[in-house]
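Hydrogens, waters and symmetry mates play no part in the numbers below; they use all other heavy atoms, side chains included. In each ligand, atom 1 is the first atom listed, and ligand 1 is the first ligand listed.
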Amino acid sequence: MDDTLAHKGQREQLIEELRAKGITDEKILNAMRKIPRHLFFFDRSLEKFAYVDKAFPIESGQTISQPYTVALQTNLLSVEKNDKILEIGTGSGYQAAILGALGARVFTIERQQELYIRTKRLLASFHYPIMTYYGDGYKGLPQLAPFDKVILTAAAPYIPRTLLEQMKVGGILVAPIENGEQQEMIKITKISDTEFEQSRHGVCAFVPMLKGIC
Ligand code: SAH
């Protein structure tokens, strides 16, 4: 699929919209300028909505996150070049590609095999250091820990302890956490092996983080 001038123009408009919504980090906006979001729409009939600031269904009942949400989570992670980042919920791969474009090394887990296979192929075409894994994100990747940053892109009922353990001291975890009927964006900084600092960053809407693989 091509990245046409029309796509690029639509992407510029989206970036201006994100700027107006408070995303001011030029590095993040540049990463979003670089990554053609329409390539992550497996359903071609939805491709025309690729540069609308909304989440959209992909396949297997999953979604591609809203661009604003991707920018917000990326911002909260304070991504630095060469950061080793664990992502739970590869989905379309869009968030992983944005982190890759920022120079991070990304390790991303997906529990749905079909989606995992499809996205693995797509992400490989970007030639960023993004490693894809098929498995249950609740377990993380103990063999590759510790990570500088952890990002959950599915809503968890609680913050899995295993993931906090797989973070470096000074590391940051960003996750949508269920809170009654709503979900809230949470940022956790690991102060020491036993101390964590938490801040809240508004309501959001993600598909649920489920246990096991399928
Ligand atoms: N990061 C994605 C958004 C993905 S939607 C993007 O940029 O498009 C959330 C994804 O999390 C879904 O694909 C879902 O299958 C996956 N998921 C849910 N629970 C999971 C778990 N326990 N481990 C790994 N992936 C999980």
Side-chain angles (χ1 to χ4, degrees), residues 14 18 23 28 31-32 34-43 46-47 49-77 79 85-102 104 106-123 125-126 128 130-142 144-145 147 149-164 166 173-178 183 185 204-214:
L14 172 64
L18 294 175
I23 306 294
I28 295 176
M32 298 187 85
K34 250 194 208 166
I35 303 295
R37 188 171 183 255
H38 63 280
L39 301 183
F40 296 81
F41 280 61
F42 300 132
D43 180 349
L46 291 175
E47 195 205 301
F49 301 116
Y51 298 105
V52 177
D53 190 22
K54 284 205 170 115
F56 273 99
I58 42 173
E59 60 175 28
S60 323
Q62 301 307 319
T63 53
I64 177 168
S65 299
Q66 181 184 353
Y68 175 76
T69 307
V70 171
L72 175 72
Q73 284 199 285
T74 307
N75 193 35
L76 291 172
L77 274 184
V79 181
I85 304 184
L86 173 65
E87 182 192 30
I88 311 300
T90 315
S92 71
Y94 180 65
Q95 171 75 69
I98 295 294
L99 298 174
L102 284 164
V106 186
F107 301 81
T108 180
I109 313 179
E110 174 56 54
R111 68 181 287 277
Q112 293 208 29
Q113 194 170 33
E114 225 175 294
L115 201 50
Y116 157 76
I117 292 169
R118 181 90 80 98
T119 303
K120 182 185 181 69
R121 198 176 309 134
L122 174 63
L123 284 174
S125 68
F126 285 89
Y128 290 129
I130 302 175
M131 259 56 78
T132 47
Y133 298 86
Y134 170 54
D136 180 357
Y138 277 97
K139 298 187 177 141
L141 289 172
L144 291 163
F147 296 93
K149 313 279 162 69
V150 179
I151 174 171
L152 276 65
T153 62
Y158 57 88
I159 295 158
R161 172 164 291 278
T162 23
L163 300 183
L164 294 174
Q166 290 176 25
L173 176 144
V174 174
I177 299 297
E178 287 165 9
Q183 300 169 7
M185 192 63 77
C204 49
F206 283 80
V207 296
M209 181 165 163
L210 303 172
K211 292 224 159 120
I213 50 177
C214 69

query = Are any of the side-chain nitrogens in Glu59 or Arg118 under 4.0 Å away from the carboxylate oxygens of its partner?
reply =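 Yes, this pair counts.
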How far is [atom] from its nearest protein heavy atom, and which residue and atom is that?
{"atom": "atom 22 (N) of ligand 1", "answer": "Leu210 O, 2.6 Å"}
{"atom": "atom 11 (O) of ligand 1", "answer": "Gly89 CA, 3.1 Å"}
{"atom": "atom 13 (O) of ligand 1", "answer": "Glu110 OE1, 2.7 Å"}
{"atom": "atom 5 (S) of ligand 1", "answer": "Thr63 O, 3.3 Å"}
{"atom": "atom 9 (C) of ligand 1", "answer": "Thr153 O, 3.3 Å"}

inquiry  = Angle between ring planes, Phe49 versus Phe56, binned at 30° and 60°: parallel, tilted or perpendicular?
reply    =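 Taking Phe56 first and then Phe49, their aromatic rings lie parallel (interplane angle under 30°).
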query = Is there a donor-acceptor contact under 3.5 Å linking the side chains of Thr90 and Glu110?
reply =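 No, Glu110 and Thr90 have no side-chain donor paired with an acceptor closer than 3.5 Å.
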Candidate with minimal heavy-atom separation from [atom], of [options]:
{"atom": "atom 8 (O) of ligand 1", "options": "Gly91, Ala154, Ser92", "answer": "Ser92"}
{"atom": "atom 14 (C) of ligand 1", "options": "Gln62, Gln73, Lys211", "answer": "Gln62"}
{"atom": "atom 26 (C) of ligand 1", "options": "Gln112, Glu114, Arg111", "answer": "Arg111"}
{"atom": "atom 3 (C) of ligand 1", "options": "Gly137, Ser65, Gly61", "answer": "Ser65"}

task = Without swapping roles, check the side chain of Ser92 against the backbone of Ile64 for a donor-acceptor pair under 3.5 Å.
result =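 Flag not set: sc Ser92 to bb Ile64 has no pair under 3.5 Å.
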Beyond-backbone contact of Met32 with Pro67, side-chain heavy atoms, under 4.5 angstrom =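 When only atoms from C-beta onward are counted, Pro67 and Met32 do touch, with a gap below 4.5 Å.
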Is [X] close enough to touch ligand 1? Criterion: a residue heavy atom under 4.0 Å from a ligand atom.
{"X": "Gly212", "answer": "no"}
{"X": "Ala96", "answer": "no"}
{"X": "Thr90", "answer": "yes"}

ask   = Between Thr153 and Gln73, what is the shortest heavy-atom contact and its length?
value =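 The pair with the smallest heavy-atom distance is CG2-OE1, 3.8 Å.
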inquiry  = To the nearest 0.5 Å, what is the distance between CD on Gln66 and SG on Cys204?
reply    =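 The distance works out to 10.0 Å.
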Identify, by atom number and element, the atoms of ligand 1 in contact range of [X], meaning under 4.0 Å from any of its heavy atoms.
{"X": "Gln95", "result": "1 (N), 7 (O)"}
{"X": "Met209", "result": "18 (C), 19 (N), 22 (N)"}
{"X": "Val207", "result": "5 (S), 9 (C)"}
{"X": "Glu87", "result": "1 (N)"}
{"X": "Gly135", "result": "23 (N), 24 (C)"}
{"X": "Leu115", "result": "13 (O)"}

